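Lettering of chains follows the sequences in order, A, B, ..., and the numbering in each one begins at 1. Computed from a prediction, not measured in an experiment: that's the story for all the values here.
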Amino acid sequence: MKDNDHSKIEKRRPSSVPRKSRATTGKQKEYDHVKIEKKWQKEWSKKKAYKADDTSKKPKQYVLDMFPYPSGTGLHVGHPKGYIGSDVYARMKHMQGFNVLHPMGYDAFGLPAEQYAIQHKISPAKAVAENIKTFEKQLSIIGLSYDWERKVNTTDPKFYKWTQWIFLKLYNSWYNLETDKAEPIETLIKKFANEKTDGKDKEEGNWNSKSELEKQSELMKYRLAYEGYAEVNWCPELGTVLANDEVVDDKDGKPVSERGGFPVEKRSMRQWFLRITVYAEKLLLGLEKIDWPEHIKEIERNWIGRSLGAEIGFNIVDSRKQIVAGKEEAEKIRVFTTRPDTLFGVTYLVISPEHALLSKIKDQKLEIKIENWEEVKKYIEKILDAPGSVKGFDDAKQKTGVELKGVKAVNPANGEEVPVWVADYVLASYGTGAVMAVPAHDERDFEFAKKYGLPVRKVLTSEEELFIGYSTLINSGKFDGMDSETAKKAITEFVGGKMVTKYKMRDAIFARQRYWGEPIPLFRDTEGVIHEVPESTLPLKLPKVISYEPTGMGQGPLAKVTAWVKKGYETNTMPGWAGSSWYFLRYMDPKNKKVFADRKKIDYWQDVDMYVGGAEHATGHLLYARFWHKFLFDLGLVPTDEPFKSLRNQGLILGGDNRKMSKRWGNVVNPDDIVMTYGADTLRVYEMFMGPFEASLPWSTENIIGSRRFVEKVWRLAMKVSKVPFDSTFDTRLETLIHKTIQKVSDDIEHFAFNTAISAMMILVNEMEKSDATAQKDFEMFLKILTPFAPHVAEEIWHALGHKTLIVSETWPKVDAEKMKESQVKIVVQVNGKVRGEIIVALDTVESEIVTVAQALPAVDKWLLGNEIKKVVYVPLRLVNFVV
RNA sequence: GGGCGAGUGGUGUAAUUGGUAAACACGCCAGUCUUAGGAACUGGUGGCGCAAGCCGUGGGAGUUCAAGUCUCCCCUCGCCCACCA
């Protein structure tokens, strides 16, 4: 496949390219892209053409690419697509007079680097350094306008010092619901100290009299970075924790590791978490004011998963009376439902296997006897041992459950006693971990009820969802005929429940059992008290280890470093998304040793104006970065509460076979080869011309020749116009087209519609080529709008035409609205909606005249003849339609 | 199962508020120039038809003077989430 591709490239090699011996007509200077591109890349770099200015008075424009993980396998042609798009945008903004910040850096922590290092038996740091070199070599020949002096690398201790610093800020903060923002933990401690000395909360005891450890565990419930326990998929054989998608079902339906097929079990492990859930509402609301693709916003909304519902208590029959606030109350099962309007249709309750009620029963804290306790116990153990739902087995997942025999719950709406089940289809992590089952109006409940022969009771009409009165129900008639929305509130109120908002989003696990990540800057003393690594001694550097492999004990390789463990440091490291959650701030001031970025510089650059990257980061990186930014905003460290004002996603470039470009399919096209054969300008033009920026399209080495021809056409045209006097007259038609094209190209780049911008320029070039009188000054206007796409050839021509300045820093041409106006306009003439002819009229022709002329056209008259014109539709300067 | 999006020539695709469907490019066909062409340039290229003309944007209905575009139903594909009550 690859060889085949090469032969194609060879076959399609443009004539004027490397084979110099075969000069065309001999008189013209040849277009030697290799020489030209090298020359100007060097020159731009020497003149620091793309240096951003922190103190500029000009308006700023921060154009950012999602920084890559520098992979060891090198780039394929798909990788630079997004970079080229943002580069075109940044270049236009630069020429339009903005002070542009357009940096690049590396997100180099993470598993791939570690695996690469294990495979090649070198340190991850060395692997990263090597890979970055390869990466930069490949990227540099494409002619991207990065300010390389601002390069950042998340694995550089000078960088991750600040990642750790922000982590400590998170650790030392809590979310104050009263002020609705994050605050230093001291404010909470103060609050506790005051409250508790008031003696309000006697059972909790005086805050000041608590031990360090007691205080610690109390504060841990509030810190934005906190220690907790998480259920993980543990593979004893591999000695590692697996992500959900690394677990598959074997043929017996048992969970095994995707790699190796070893058994996987659930295990609760101590982890660091970030309390992202406190920002759920703000993360949701923030989406309203940012210019992002709607589908990305939708993915985030779904991920956050807000739903409004009711929390309703069901008393358990004969449970021991408890004293709550001086009153006797029965043990309750609290359920969460978005459909309280179906409360009369409840025929049983379901609790999750992890539900607190079960442990209370087990510990005999309640006077409840479960007749089939052994069976229940066995069931719970079985469920809790198996990892959660496995992807890819849609309906295969059967719902199972066991009834708690002898336990009955009371429906607060009608006093009815219903059975209680424990089942695997109820999630402990969502809502209250308990559900009221309404089989008539919920598919899952229905499926379960059918399987176990539980009753089904309909309470709403299926079409209108109106409440059906049941004469047997207490209070029936009260809600009869209500629609769902009204009934929801009324019924919740009636049973003393409350409306609540829940989110699907969970707190983020902020730890990996791996070596190649930022160390967590905390340590635990022998008493178990956690201390911070003092800010003055940051960064806490990664120690050297002998092996990068996991230990097999569920801990990272750091667990084997005795000195590290002795000091009480955490053996987990931060996850891959730590550095990427704030790196864009570091570009504003990448070398600062005192702060993560100087406040004056942050205030100048503010936020990212245009962010370009793949759509796959919607729920990962983008959400986390927004979270960190909102946190930093609460602390007053950044001036905006959203980091990325605008976002654009580039589509993939697929292989010629329409599959994802990968070594595995042998369909990889190397950009180096394309640049060598066709030139960077051609590559850039082609990638932008292929189709919509956000679309995923197959690469075609056949089609690229069109873009090369376009570039060559421009080259030849330049030689031609240089012979036409600079200021000579030309036809106004061409002048109109030039101004229209400038307008279109400017608008299209603004909207990332690069394909149509290029199409417009092709039309213009074709026209200029046909004309013998294209003036140099007009050609130069075109050359400037071509510059963002094909900067090298534009620069070369610009200088060949006698200029000494750099075209990449020239001013974007201004559109003259007067010159854009056509003097004549074409009007389509239809009869009964079918096109029968067209007329060309002056702009100021009145309607009556247009209709008269149109009607007189022979091709039109033919259809009107003998018919009565019932109606004439005239769309100004567009069309006339005769209805007969 | 839920959410989002897309179906237009041989191919990639284009088409402001509904207003000439297929711009631009690839490929293909013919020609010009040339020792030569795999370069460049010119012309042609949705389907049926000798033609006038008719038919054409996944399928079906509808609204309208006019529908790729709006409404309803159906089919196919892609992406994301997935027992979230």
Enquirer: Let's see if you can work this out: which of B/rG27, B/rA52, B/rA85 has an atom nearest to the side-chain heavy atoms of A/V435?
Expert: B/rA85

Enquirer: Can you identify which nucleotide, out of B/rC65, B/rA85, B/rG3, has its nearest atom closest to the A/V873 side chain?
Expert: B/rC65

Enquirer: When you measure only distances, ignoring hydrogens and angles, does the side chain of A/K871 come within 3.5 Å of the base of B/rC65 through a donor and an acceptor?
Expert: no

Enquirer: Do A/Y874 and A/N881 have side-chain atoms, one donor and one acceptor, less than 3.5 Å apart?
Expert: no

Enquirer: How is A/K834 classified with respect to the nucleic acid when contacts are heavy atoms under 4.0 Å: base, sugar-phosphate, or nothing?
Expert: sugar-phosphate

Enquirer: Using a 4.5 Å cut-off on heavy atoms from C-beta on, say whether the side chain of A/N755 contacts that of A/S759.
Expert: no

Enquirer: What is the distance from atom CZ of A/F344 to atom CD1 of A/I491, rounded to the nearest 0.5 Å?
Expert: 5.5 Å

Enquirer: Look at all strands and tell whether A/N302 reaches a base, only sugar-phosphate, or nothing, counting heavy atoms closer than 4.0 Å.
Expert: sugar-phosphate

Enquirer: Any base atoms under 4.0 Å from A/F689, or only sugar-phosphate, or nothing? Heavy atoms, all strands.
Expert: base

Enquirer: To the nearest angstrom, how far is A/Q830 atom CD from B/rA21 atom P?
Expert: 7 Å

Enquirer: Applying salt bridge (Lys or Arg N to Asp or Glu O under 4.0 Å), run through A/E447 and A/K451 and close with a yes or a no.
Expert: CA-CA 6 Å; A/E447 195 192 316; A/K451 184 171 171 183; over 6 Å; no

Enquirer: Please say whether the positively charged group of A/K399, taken as NZ for Lys or CZ for Arg, lies over the ring of A/F448, i.e. under 6.0 angstrom from the six-membered ring centre and within 45 degrees of the axis.
Expert: no

Enquirer: Would you mind calling B/rG9 syn or anti? Take O4'-C1'-N9-C4 for purines or O4'-C1'-N1-C2 for pyrimidines, and syn is within 90° of 0.
Expert: syn

Enquirer: Under 4.0 Å, heavy atoms only, any strand: does A/V875 hit a base, just the sugar-phosphate, or nothing?
Expert: base

Enquirer: Using a cut-off of 4.0 Å on non-hydrogen atoms, how would the nucleic acid contact of A/K870 be classed: base, sugar-phosphate, or nothing?
Expert: nothing

Enquirer: A/W863 has a side chain; which of B/rC24, B/rC54, B/rC81 sits nearest to it?
Expert: B/rC54

Enquirer: Anything under 30° is parallel, anything over 60° is perpendicular, the rest tilted; go ahead and classify A/W421 against A/Y452.
Expert: tilted

Enquirer: Which whole-number value in Å describes the distance from A/W715 CH2 to B/rC41 C1'?
Expert: 20 Å

Enquirer: Expressed in angstrom and rounded to an integer, what is the separation of A/R709 atom CZ from B/rG12 atom C1'?
Expert: 15 Å

Enquirer: Given B/rU16, B/rC81, B/rA23, identify the nucleotide with an atom nearest to the side chain of A/R878.
Expert: B/rU16

Enquirer: If you look at every strand shown and take non-hydrogen atoms under 4.0 Å, does A/V335 touch a base, only sugar-phosphate, or nothing?
Expert: nothing

Enquirer: Just call it for A/V828: base, sugar-phosphate, or nothing, with non-hydrogen atoms closer than 4.0 Å on any strand.
Expert: base

Enquirer: Rounding to a whole Å, what distance do you find between A/D445:CG and B/rG1:C1'?
Expert: 14 Å

Enquirer: Between B/rC26, B/rC83, B/rC65, which nucleotide gets closest to the side-chain atoms of A/Y425?
Expert: B/rC83

Enquirer: Of the listed nucleotides (B/rU20, B/rC41, B/rC4), which one gets closest to any side-chain atom of A/H295?
Expert: B/rC4

Enquirer: What does A/E838 touch in the nucleic acid at a heavy-atom separation under 4.0 angstrom: a base, only the sugar-phosphate, or nothing?
Expert: base

Enquirer: Does A/E694 reach a base, just sugar-phosphate, or nothing at all? Heavy atoms under 4.0 Å.
Expert: nothing

Enquirer: Under 6.0 Å from the six-membered ring centre of A/W303 and within 45° of its axis: does the NZ or CZ of A/R626 meet both?
Expert: no

Enquirer: Tell me the interatomic distance from A/R716, atom CZ, to B/rA39, atom C1', rounded to whole angstroms.
Expert: 9 Å

Enquirer: Could you work out which one of B/rU20, B/rC81, B/rC80 sits closest to the side chain of A/K826?
Expert: B/rU20

Enquirer: Regarding A/S700, tell me which of base, sugar-phosphate or nothing describes its non-hydrogen contacts under 4.0 Å with the strands shown.
Expert: nothing

Enquirer: Out of B/rA25, B/rA82, B/rA85, which has the shortest distance to the side chain of A/M762?
Expert: B/rA25

Enquirer: Atom CD of A/E687 and atom CZ of A/F789: how far apart are they, to the nearest 0.5 Å?
Expert: 13.0 Å

Enquirer: Could you check whether the rings of A/Y31 and A/W715 sit parallel, tilted or perpendicular, using 30° and 60° as the cut-offs?
Expert: tilted

Enquirer: How do A/V883 and A/N703 order along RNA chain B: which one's closest nucleotide is nearer the 5' end?
Expert: A/N703

Enquirer: Rounded off to whole Å, could you give me the CZ-to-P distance for the A/R506 and B/rC83 pair?
Expert: 12 Å

Enquirer: Check the distance between B/rA25's P and A/M761's CE and give it to me in whole angstrom.
Expert: 12 Å

Enquirer: Pairs counted as Watson-Crick or G-U wobble with both distances under 3.5 Å: what dot-bracket string results for RNA chain B, using | for bases tied to another strand?
Expert: (((((((..(((......[....)))((((((.......))))))(((....)))..(((((..]....))))))))))))....

Enquirer: Both A/M436 and A/G833 contact RNA chain B. Taking the nearest nucleotide for each, which residue is further toward the 5' end?
Expert: A/G833

Enquirer: Have a look at A/I763 and say if it touches a base, only the backbone sugar-phosphate, or nothing, with a 4.0 Å heavy-atom cut-off.
Expert: sugar-phosphate

Enquirer: Return the nearest nucleotide to the side chain of A/L427; candidates are B/rA85, B/rC41, B/rA25.
Expert: B/rA85

Enquirer: Contact class for A/E616 vs. all strands (heavy atom < 4.0 Å): base, sugar-phosphate, or nothing?
Expert: nothing

Enquirer: Would you indicate what A/S307 reaches in the nucleic acid, counting non-hydrogen atoms under 4.0 angstrom: base, sugar-phosphate, or nothing?
Expert: sugar-phosphate

Enquirer: Are A/K502 and A/F336 in a cation-pi setup, meaning NZ or CZ lies under 6.0 angstrom from the ring centre and within 45 degrees of the ring axis?
Expert: yes

Enquirer: As a test of reading the structure: which of B/rA85, B/rC4, B/rA23 is closest to the side chain of A/S759, going by heavy atoms?
Expert: B/rA23

Enquirer: With heavy atoms under 4.0 Å as the rule, sort A/N755 into base, sugar-phosphate or nothing.
Expert: sugar-phosphate

